[in-house]
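Proteins get letters first, then strands, A, B, ... in listed order; numbering begins at 1 in each. Note that the coordinates shown come from a computational prediction; the quantities given were computed from them, not determined experimentally. Scope of the values below: all heavy atoms of this structure, side chains included, with no hydrogens, waters or symmetry mates.
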Amino acid sequence: MTTSTAFDRLEPRIQRWIWRQGWTTLHDVQERAIATILDGKGDVVIGAATAGGKTEAAFLPIVSAITTEDGNAPSGFEVLAISPLKALINDQARRLEALCDMAGVALHKWHGDVADAAKRKARRQPGGVLIITPESLEALFVLRGVELPRLFAELRFIVVDELHAFLAGERGIQLQSLLHRIEVLTRRRVKRVGLSATLGDMQLAAAALRPSDPAAATILESRSNEAELKLQVRGYQCSSALGPPSDEEADDAPQQLVATRQAIAEHLLKVLRGSSNLVFAGTRQSVEVYSDRLRQMCEDASIPNEFFPHHGSLAKELRHDVEARLRKGRLPTTAVCTTTLELGIDIGDVESIAQLGPPRSIAALRQRLGRSGRREGKPSILRIYIEEEPINAQSSLLSRLRLSTALSVAAVRLLLTGWCEPPPQRALHLSTLLHQILSMIASLGGAHATVLYQTLCATGPFGNISSSLFSQLLRRMGNPEVELVEQAPDGTLLLGREGERVVEHYTFYAVFETPAEYRVVAAGKALGTVPISFPVRPNDLIIFAGRRWEVIELHERQKVVEVKQSRGGMPPKFGGDSAALHDQIVKEMRKVFTSTDLPAYLDAQARALLDEGREAFRMVELDRASIVADGASTLLFPWVGTRRMTTLAMALTAEGLKTRLDDMVIIADHSVEEVKAALAHLSQNVPPAPLSLARQAANKQYDKFDRYLDEELLALSFAASALSTDGLPELAAAMLIETNGTS
DNA sequence: GACCTGCTGCGGCCTG
C-alpha cells in the first residue's frame, strides 16, 4: 500500500480496516474515487462491473469523511444510500458492517422486512449511514413528513447503488423526485455518488443522478480489462420425427416445438453438467419448461439434479436456496432464470451463460455476460440457442426469413462493437407526477399549487411539464368524479376523499403496478405466485418451481392455490407486455441480410438457417424493395425499431389503411398500390402530430395511476412515450424510392 | 407476444 497516495488520505481507522482485509493494493477505480470524493465539490459516477469493488470505492472515502468531521454523536443521518432491492441492502449492510463498526459510524438498514423496532430506533437516534429502498423513503415522506427536516439536517452524501437500474422507468423518476425533495427541505445541495454497471454512455448515468446539472459529475470508469469472449450461436429446427415429445405438452405445443426443446435441453445437459452456469430463458414459462425438463432428464439418468428455476414469481425461500448454492460454489449448479439474476445479487462467478432465444436488448446481454469470466484469465462463455420452425413451399415469408437467427446475429455484431441501447427518451410520467403530488400534499399536510409546480416541475425532475399541463392535471385530480384533491378556501390543496383512501393504503408507496396473484402452496410450504388471469381448477396439472403438481383446492377468498406432487402438467402463462426493439438493432438485421459472411461463431445448423433467411430475403428482393405483396395483404419492411414502427402503422391507419404490427413488419390488408398511395401522401406532407395519432389509439393505460387520467391526458402521455414522428416523411419516401427503383 | 422491483400500522395471539 506504500505507493497509494489515496490510502494515505483515509482516516486511520479506515486504513486499519483495509489492512485487516489483507488487501495489498486498492483497485484503480477505488484510488480515483477516494481522491474525487474527498476533494471535489460535485457529484461522482463510479462505473465498474459487478463485484468490481464499487461499494468500497464509494464508502471508504465517505465513511472516512464522516468519522473525521466531529467526535460528537450526530443528530441526523449523514449518508443516505438508496438501493433497488431488499436483497442488495442486506448484502451491502453485511459488507459495510465491520467498516462502519471500526470507524464508530452507525449503520441502519431500512426496508419492508426490517423489524419495526429497528426503524423506531433509527428515527429516535438518527446518524451515520441509512440504506433504504425508494419505496421506504417514500413512506418516510408520507408518514413522517414533520420529522424529515430533523432526520436529514446533517446529510452530507447521497449514494445510489445500481444506478443503471433507475435509468428508465417510473421508479427512476420517483427516485429523482425524492432526492430533489430532500434537497428542498434541507435547503442545500448534497453530493451524490452513483454506482453503475458500465453500460454505454456514462453521461446518461450522470444525467439520471442529477437531471438539473449532469455536467457537475465526475465520471470514473474502471479500467479493468474485459475477459476474452467465447461465443457460439446454435440453430435448432427439428421436425416432429426427432425426439420423443412428452405426452402432456403435446396438446398445447406443436410437435416440432417439443422436439426442438428436447434437443436444446439435451445439449444444455451435456455441456453444463458438472459446472455452475446461468441459463436465461426469456420468460417465466420457459424457465418452468426447461428446468422441469432438465430435472426430469437428470432423474431418468439417475444422476443428481443440478438445474434449478429462478424467477420473480417463485417464493423467496426457493430463490434464496438457488442463490446460496451458487454463491457457496461447492456443488455444480445451473440456474434457469429470467432477468432476476441480472442485477448485482452476489452469486459468485459462473462458468458460462446460455441465452435461449434471440436477445432483444444489447444492454441486457452485456449485463448477463458480465456474470461469467470474472476470474483472472478465464474467458466469458456465451451460447445462444435459436429455435426456428420447419418450413416448406407454403410457409409464410416471415417464417422463411429466419428472423430469430438474423436478430441473434445482429445482436452479437452490436455486442462486439461495444454499442448498447441508451435509455428510452423522456416521457411525461404523468402517473408518477400524480403520485408525487399526492405524496407532497400528504407529507406537508397540504400544499399550494405553485409550491408543487415549483418543486416537482420548475426545479425538479418533471421539467418537461408546462404550467398549463400541470394545471390540467390538477384540475383532473380535483374533478368531482375523481376526488383525489380538494382546495381549501385559502387555495391550499388537500387530499380529497379518494386521495386519502389511496395514500393511506400501504400499496401507495410503489409507483409500479403489480397484477393480482394467487399464492401457490404445497403441504403448507409457499412455492410462489401465479397470475389470477391463469385459470386453475381442482385436478388441473401444473408445472411450477421446476416440478409437477396437481391442484387440490382453490381458496378464492384467500387467493391461495393448494397443490400436491404429481406427474405431468402445463406451466402457467404469466403474461406481460412485448419488449421494444431499438432502431439500431433492426437496422443491423438488415445489414445481416444484405451481407454474405457466415461468422465462425455460428454452428452448422445456424449457418444453414442464416443462408435460408438470406435466400428468402433475395427472392422477394427485400434488398431493393421495402413493400412486398403477400397474398391479399401487403408487408411493409421499414427496418426501424418498435417506436417508429408503431408511429408509421398509426399514421397509415390515419390514412385510412387497416394495419397490424409484427416485430419487423407492418401487415396491411390492402394492395401494394393502395399502400404506396398512402406512403406517397405521408412523404409529401407535414407529419401528423403525435397527439392526434395517439387520440385514435385504444388501451392507453400503462402505469399505475393512469386510471385517474382522462382521455386527453392519456393521449398526451401515450404520444410522448410511445410515438415519434421525427423523420416520418423521409422514412415513407425512402420506402417508395427503393421500391420504384427496381422497375 | 417480456422481465423486474416494493410496502405500514395495528390488533391479536403466544411465550417467558
All N/O pairs under 3.5 Å across the protein-nucleotides 14-16 of chain B interface:
none

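- Taking only side-chain nitrogens and oxygens, A:Thr338 comes nearer than 4.0 Å to OP1 or OP2 of B:dC4.
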Could you go through the salt bridge (Lys or Arg N to Asp or Glu O under 4.0 Å) check for A:Arg94 and A:Asp91 one step at a time? CA-CA 5 Å; A:Arg94 215 181 310 137; A:Asp91 273 359; 3.1 Å; yes

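- Closest approach of A:Ser136 to A:His111, counting heavy atoms only: OG-CA, 3.5 Å.
- Look at CG on A:Leu341: it is 10 Å from P on B:dT5, rounded to the nearest Å.
- Of the charged side-chain nitrogens involved, at least one lies within less than 4.0 Å of a carboxylate oxygen, so that A:Arg123 and A:Glu147 count as a salt-bridged pair.
- Here B:dT5 presents its C1' atom at 13 Å from NE2 of A:His310, a figure rounded to the nearest Å.
- Distance, A:Glu288 CD to B:dC3 C1': 15 Å, rounded to whole Å.
- Side chain of A:Leu85, nearest nucleotide from B:dC4, B:dT5, B:dA2: B:dT5.
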Identify each atom pair where a protein N or O and an N or O of nucleotides 7-12 of chain B are less than 3.5 Å apart, giving names and distance.
| unit_1 | atom_1 | unit_2 | atom_2 | d |
| --- | --- | --- | --- | --- |
| B:dC7 | OP1 | A:Gly112 | N | 3.0 |
| B:dC7 | OP1 | A:Thr133 | OG1 | 2.7 |
| B:dC7 | OP1 | A:Ser136 | OG | 2.6 |
| B:dC7 | OP2 | A:Gly112 | N | 3.0 |
| B:dC7 | O2 | A:Tyr506 | O | 2.4 |
| B:dC7 | O2 | A:Thr507 | N | 3.3 |
| B:dT8 | OP2 | A:Lys119 | NZ | 3.4 |
| B:dG9 | OP1 | A:Arg144 | NH2 | 2.3 |

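- The salt bridge (charged side-chain N to carboxylate O under 4.0 Å, His left out) with A:Asp583 is formed by just one residue from the set A:Arg590, A:Arg644, A:Arg643; it is A:Arg644.
- Remark: C1' of B:dG1 and CG of A:Leu581 are 12 Å apart, rounded to the nearest angstrom.
- For the pair A:Gln285 CD and B:dA2 P, the interatomic distance rounds to 8 Å; values are reported in whole Å.
- Residue A:Arg284 places at least one side-chain N or O closer than 4.0 Å to OP1 or OP2 of B:dC4.
- Taking atom CD of A:Glu389 as the reference point, atom P of B:dG1 lies 11 Å away to the nearest angstrom.
- When the nearest nucleotides of DNA chain B are assigned to A:Lys704 and A:Asp662 by heavy-atom distance, the more 5′-ward of the two goes with A:Asp662.
- Cation-pi contact between A:Arg325 and A:Phe308: absent, since separation from the ring centre below 6.0 Å together with deviation from the ring axis within 45° is not met.
- In this structure, A:Phe512 forms an aromatic stack with the base of B:dT5, since both conditions hold: centre separation below 5.5 Å and plane angle below 30°.
- Rounded to a whole Å, the CZ atom of A:Phe166 is 17 Å from the P atom of B:dC4.
- Taking 4.0 Å as the cut-off between side-chain N and carboxylate O, A:Arg371 and A:Glu342 do not count as a salt-bridged pair.
- Of the charged side-chain nitrogens involved, none lies within less than 4.0 Å of a carboxylate oxygen, so that A:Asp706 and A:Lys700 do not count as a salt-bridged pair.
- The aromatic rings of A:His108 and A:Phe77 lie perpendicular to each other, with more than 60° between the two planes, well past the 30° mark.
- The CD atom of A:Glu162 sits 13 Å away from the P atom of B:dT5 (whole-angstrom rounding).
- Here A:Gly169 lies out of heavy-atom contact (under 4.0 Å) with every strand.
- For A:Lys658, the salt bridge (charged side-chain N to carboxylate O under 4.0 Å, His left out) criterion is met by A:Asp669, not counting sequence neighbours.
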